[in-house]
Structures are given as structure tokens and as C-alpha cells.
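Contents: one structure, followed by commentary.
The figures here come from the full heavy-atom set of this structure, side chains too, leaving out hydrogens, waters and symmetry mates. Throughout, protein chains are lettered first and strands after them, A, B, ... in sequence-line order, and every chain is numbered starting at 1. These numbers come from a predicted model, not from an experiment.
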Amino acid sequence: MMDHQPMHPQDDGGGASACGSRREFLGTAVAAVATALTGCGKLSKEEFLQHNFRELSKDEIQTIIARLESEYKAKYGKTVKVNNEAAMPGVIFGYALDLSRCIGCRRCVHACVKENNQSRDPEIQWIRVLEMDKEEGVNLQHAEQYYNPEEVPREGHFYMPVQCQQCKKPPCVKVCPVGATWKEKDGIVVVDYNWCIGCRYCMAACPYGARHFNWGEPTMKSADVNPETHYLGNRPRPKGVVEKCTFCIQRTRKGLYPACVEICPTGSRKFGNLLDAKSEIRQVLENKRVFKFKEDLNTQPTFFYFYGV
Amino acid sequence: MNIRAIHYLGLAVLLALPAFAGEPKAKEEPAAQEGIQVPKPPFSEGIFPCTSCHDGKQMKVDTKRRELGMHSEIELKHGPDSRWCLDCHDANSRDNLHLASGEKVLFTESFKLCGQCHGDKLRDWRVGVHGKRTGSWNGPKQYLLCVHCHNPHSPHFKPLKPMPPPMRPEQIRKGGAK
Ligand code: SF4
Ligand code: SF4
């Protein structure tokens with residue numbers, strides 16, 4: 001493998017292109033195998049040989065990021081930055097949503113799609129807002145996600161947006177056969193889109209319907225691409241991988257609020273550091289009536305629902 | 001400490017905005033002490049300062065409760081029927097509001113006025129549980145005043161048209177996915 005000598009030393013001048021080195025030969029062979037295995041001619045040799053994100057050295061990550069950025073440039077005709085910001089020390093993110101305020105306007109759903117570069121047709125949405133009966137309380141037997149009246153809130157109803165709950169004991173991570181999804185130190189559950197094999201076990205395991213699959217090549221107009229991305233977050237995804245909410249990892253690791261918090265017109269969405277006693281998230285947890293969705297499953301969400309009234 | 005400093009800086013910038021020049025009194029510190037930055041109150045176009053009409057000369061102060069000839073766009077739907085303008089607006093200093101005690105309050109600090117009755121909400125708002133904060137979860141944030149979301153004359157949050165629902169799976173199979 002490390003042999004840099006041409007195979008036929010006597011064949012001087014232009015030998016490499018004429019016969020090719022052993023390495024080049026191997027490379028082509030691997031690429032051919034990659035093409036055969038994946039049935040996808042677009043997968044490059046580098047991509048095929050790439051390791052799990054958690055096993056990569058700093059240099060390897062930089063090389064991969066450079067490759068991705070040039071691929072995105074070619075595909076979208078504009079510069080897309082792929083960030084690799086690590087978790088901040090002393091931070092575990094928490095989220096709380098005020099069920100007494102949310103009016104079900106879905107501003108958050110669409111701000112999320114824009115921010116996180118989801119496929120537009122069909123549109124993948126990471127947030128699903130459930131319309132529920134006030135009389136029934138939180139009861140999935142009486143939940144409707146396709147509601148579309150002239151105005152919200154509708155009389156007698158309340159609204160419960162559901163997205164990835166960034167579980168402390170995430171079943172999705174447990175079932176992944178290749179370790180393509182894991183929980184980061186700041187509590188965000190991420191997916192390595194280059195390692196995901198698209199088996200969708202995690203989708204079956206997640207009790208919150210939080211994971212979504214790219215059945216087709218994700219579609220996005222160049223103008224719609226958000227160029228500020230994170231490797232483990234909103235960078236454009238390939239076909240055949242699973243994706244989910246990452247608390248806007250590309251924003252929150254830089255100190256910004258997630259896009260859904262910024263857009264919500266009712267201020268129902270609260271976000272912050274669970275380890276900071278002064279954060280609004282801690283204020284909510286300490287002073288309000290709080291519950292975890294499907295608490296009985298012991299997934300231990302770091303996403304909470306509360307009643308602000 | 002740093003964050004505090006940034007708050008002060010933000011406030012200084014805010015107060016320096018010519019758009020909200022107000023009176024020189026606007027330099028009063030309470031808002032800064034709270035570390036709260038708020039955008040300009042949502043006045044109707046051209047309405048502020050109130051003293052451009054209510055200057056005590058063009059019009060006599062009339063403190064009697066009555067139907068007004070002006071401000072007909074305002075529909076007062078806030079609390080008991082007996083409530084009216086001068087319960088909150090100051091008759092003698094029109095560019096201010098006042099508390100029940102008579103103490104004057106700037107429009108930029110109207111939350112103090114609201115908090116007289118809605119003390120629980122004010123308490124929640126101060127710690128970020130009620131209302132909306134934007135900016136940075138670990139740094140400077142922008143707050144909204146009560147009146148940015150609740151029209152003080154008719155405070156109930158107005159219904160909105162919801163944005164489009166997700167596609168049903170059967171629709172996706174028909175057209176969407178390729
Ligand atoms: S934007 Fe806010 S009010 Fe609207 S649906 Fe989302 S959480 Fe609810
Ligand atoms: S909500 Fe679902 S996708 Fe998110 S961490 Fe929990 S199990 Fe995994």
C-alpha cells in the first residue's frame with residue numbers, strides 16, 4: 001500500500017497515467033466496490049473509506065469538512081460553511097415548552113425547516129404540533145397534527161409541539177447497529193450522516209416520532225440553503241439517512257437561542273443551560289408545574305412541558 | 001460581570017437612539033439596574049410624544065370620564081368598565097404613565113404599571129419564564145415589553161392564521177417524493 005514506485009520502473013515519463021500506481025489501482029477498485037455496494041455512483045472513494053465521526057482525528061475532520069464544503073459549493077453554487085464546534089464545558093442543554101401559551105401557529109415548524117436545511121419537497125418537518133382537546137388533556141388518542149383552521153387557537157383546544165426530546169437514555173442510540181447516532185456531552189443527540197446506513201431502527205425505537213428519513217434526494221433551492229451549518233446538525237444531508245432536531249446545534253453551541261425559540265410569537269419556548277441555576281430553564285423547572293412526555297418509558301427527556309399560568 | 005457590562009452598554013446604545021429621544025429624564029437608571037433591554041415601545045405612527053398635542057395649551061386638561069372625539073381607533077377592553085385613559089396615562093405629564101400611587105413611569109418601563117395588577121406575570125417575566133427573550137442564552141438578550149405582545153387597551157393575545165400543516169403520507173406518495 002505504501003509503495004510509491006511505479007509498477008514498471010523502466011516505463012519512465014508518464015508511467016503513472018499510462019499504467020497507474022498500485023495505490024491508484026486499489027483506489028479505483030475500492031471506488032468500484034463502493035459503487036457496486038451502495039448502488040450509488042455518487043459516493044466518492046474518500047466518503048466510502050471515511051470512519052465514524054467519533055474516531056476521526058482533527059486533521060481528518062478538517063479534510064472531510066473541506067471535501068463537504070466543495071461538494072456543497074458545486075451543488076448549490078454558493079459557499080456553505082460546515083462547522084465543527086464542540087460541546088461547551090459545563091453545559092447541558094434543557095428545553096421547556098409552555099402548554100398554556102402555545103397557540104399552535106406552526107411558526108416554529110417552518111422556522112426550523114428554514115434554519116436546518118430540511119428537504120422541501122416533500123418537506124421534512126422536525127417539529128410536529130399536536131392539537132388536543134382541553135377536556136381530554138394530554139391524550140394521544142385525541143391528537144390531530146393536520147389541523148388547518150382559519151385561525152388558531154381553536155375553542156376548546158390546546159397545542160402540544162413535539163420534537164426530539166434529547167433523551168438522557170435515548171432508545172434510538174441504543175438500537176443503532178453501527179453507532180451512527182449518539183449523545184454528546186451537552187446532551188444533544190446527533191447523527192453522523194456519513195455513517196448512517198439508513199436501516200431506520202432508530203425511527204422505530206423513538207417513542208416521540210422525532211426521527212425522519214430522507215426517502216429521496218433532499219430538495220432545496222440554492223437560495224433556501226442556510227450556509228451556516230454544523231457537521232452534526234444542519235449541513236445538507238444525502239439521500240437515505242435519518243435526521244432529527246439537534247436543538248439547532250449550529251446556533252446553540254455559539255451561544256444563540258434555537259430558531260424555534262427566536263420565532264415563537266407567544267414566547268412559549270424556553271431554552272438554556274440546566275447547570276446554570278439562574279437560567280430561565282431552571283426557573284421553569286423549579287417554579288412551575290412541569291411534566292415529561294411519556295415519562296413512564298424512562299427515556300428521561302431533557303425537553304420539558306410546563307404550565308406557565 | 002461581563003454580561004452585566006454588556007447589558008449596560010446595550011442600554012446606553014438604546015437610549016442614545018434618536019428615535020426614542022424622549023425627555024432628558026430618559027437617562028433614569030431603573031431599567032439598567034434591572035439589566036433589562038427592551039426595544040422601543042410599539043407606538044402608533046406619529047403618536048409620540050403625546051405632548052405635541054397635549055401640551056396643556058392647545059387643549060385644556062379635562063379629567064372627566066367621557067367619550068373622546070380623538071383616538072377613536074382605540075377599543076378599551078381591559079378590565080372593569082370603569083377603567084379609562086387617565087388611570088394609566090398621566091394627565092399632567094402626558095409623555096409619562098403613572099402608577100396607582102401617582103408615581104410617574106416612562107413608556108419604556110410600562111411593565112411596572114402592568115405589574116401592579118399582574119404581579120405574578122411580572123415576576124415570571126423578570127426571570128424569563130413569561131414573555132419572549134431573544135439573542136443569546138448565555139449572553140446579552142433582548143426582552144419584549146408586555147405591550148409588544150399585549151395591546152394595553154385590549155390585551156388578549158390575538159388569534160393567528162396557522163402556517164401550513166405537514167403533508168399526509170398518501171399525498172407524498174402521489175406527488176412529492178421522487
Ligand atoms: S411558534 Fe410558538 S405558539 Fe406557534 S406553534 Fe410554535 S410553540 Fe406554539
Ligand atoms: S426523542 Fe427520539 S430521537 Fe430524540 S433522543 Fe429521544 S428517542 Fe432519540
*In Å, rounded to the nearest 0.5 Å, how long is the span from CG of A/Asp121 to CE of B/Met167?*
5.5 Å
_Is A/Arg128 close to chain B through its backbone or its side chain, or both, or neither, when contacts mean heavy atoms under 4.5 Å?_
neither
_Residue selection (most heavy-atom pairs with chain A, distance under 4.5 Å) from B/Pro159, B/Gly131, B/Pro166_ = B/Pro166
*With chain B, which of A/Gly272, A/Gly255, A/Gly267, A/Pro258 has the greatest number of heavy-atom pairs at distances under 4.5 Å?*
A/Gly255
_Residues forming a side-chain contact (heavy atoms from CB on, under 4.5 Å) with B/Pro164, sequence neighbours excluded_ = A/His110
*Measure distances from A/Leu256 to the heavy atoms of chain B and classify the residue's part below 4.5 Å as side chain, backbone, both or neither.*
both
*Sub-3.5 Å donor-acceptor pair from the side chain of B/Thr134 to the main-chain atoms of A/Glu262, do we have one?*
no
*For chain A, the option from B/Val129, B/Asp124, B/Val127, B/Leu160 that forms the most heavy-atom pairs under 4.5 Å*: B/Leu160
*Side chain, backbone, both or neither: which part of A/Val91 has a non-hydrogen atom closer than 4.5 Å to chain B?*
side chain
_B/Trp137 vs A/Asn273 side-chain heavy atoms within contact, under 4.5 Å_ = yes
*Might you confirm whether atom CD of B/Glu73 has over 12 heavy atoms from other residues, nucleotides or ligands at distances under 6.0 Å?*
yes
*Measure A/Ile127 against the heavy atoms of chain B and call it side chain, backbone, both or neither at under 4.5 Å.*
neither
*Non-hydrogen atoms of chain B under 4.5 Å away: do they reach the side chain of A/Ser268, the backbone, both or neither?*
neither
*More than 12 heavy atoms of other groups within 6.0 Å of B/Lys158 NZ*: yes
*Could you tell me which portion of A/Pro149 (side chain, backbone, both or neither) has an atom closer than 4.5 angstrom to a non-hydrogen atom of chain B?*
both
*Above 12 or not: heavy atoms from other molecules or residues under 6.0 Å from OH of A/Tyr201?*
no
_Rounded to the nearest 0.5 Å, what separates atom CG in B/Asp120 from atom CG in A/Asn287?_
12.5 Å
*Is there a side-chain contact between A/Tyr257 and B/Lys141 (heavy atoms, below 4.5 Å)?*
yes
_Greater than 12 external heavy atoms within 6.0 Å of A/Lys185's NZ_ = no
*Please lay out, stage by stage, how A/Glu151 and B/Lys161 fare under the test side-chain contact (heavy atoms from CB on, under 4.5 Å).*
CA-CA 4 Å; A/Glu151 280 185 338; B/Lys161 168 135 191 61; 5.5 Å; no
*With a 4.5 Å cut-off on heavy-atom pairs, point out which of A/Arg269, A/Lys270, A/Lys278, A/Glu123 contacts chain B the most.*
A/Lys270
*Which atoms of A/Gln125 come close to chain B, meaning under 4.5 Å heavy atom to heavy atom: side chain ones, backbone ones, both, or neither?*
side chain
*Quick one: are B/Asn138 and A/Met88 in side-chain contact, heavy atoms under 4.5 Å?*
yes
*Under a 4.5 Å heavy-atom cut-off, does chain B meet the side chain of A/Tyr159, its backbone, both or neither?*
neither
*Side chain of B/Lys132, backbone of A/Pro265: donor and acceptor closer than 3.5 Å?*
no
*Would you mind checking which part of A/Lys288 comes under 4.5 Å of any heavy atom in chain B, side chain (CB onward), backbone (N, CA, C, O), both or neither?*
side chain
*Think B/Arg168 forms a cation-pi with A/Tyr146, using NZ or CZ under 6.0 Å from the six-ring centre and within 45 degrees of its axis?*
yes
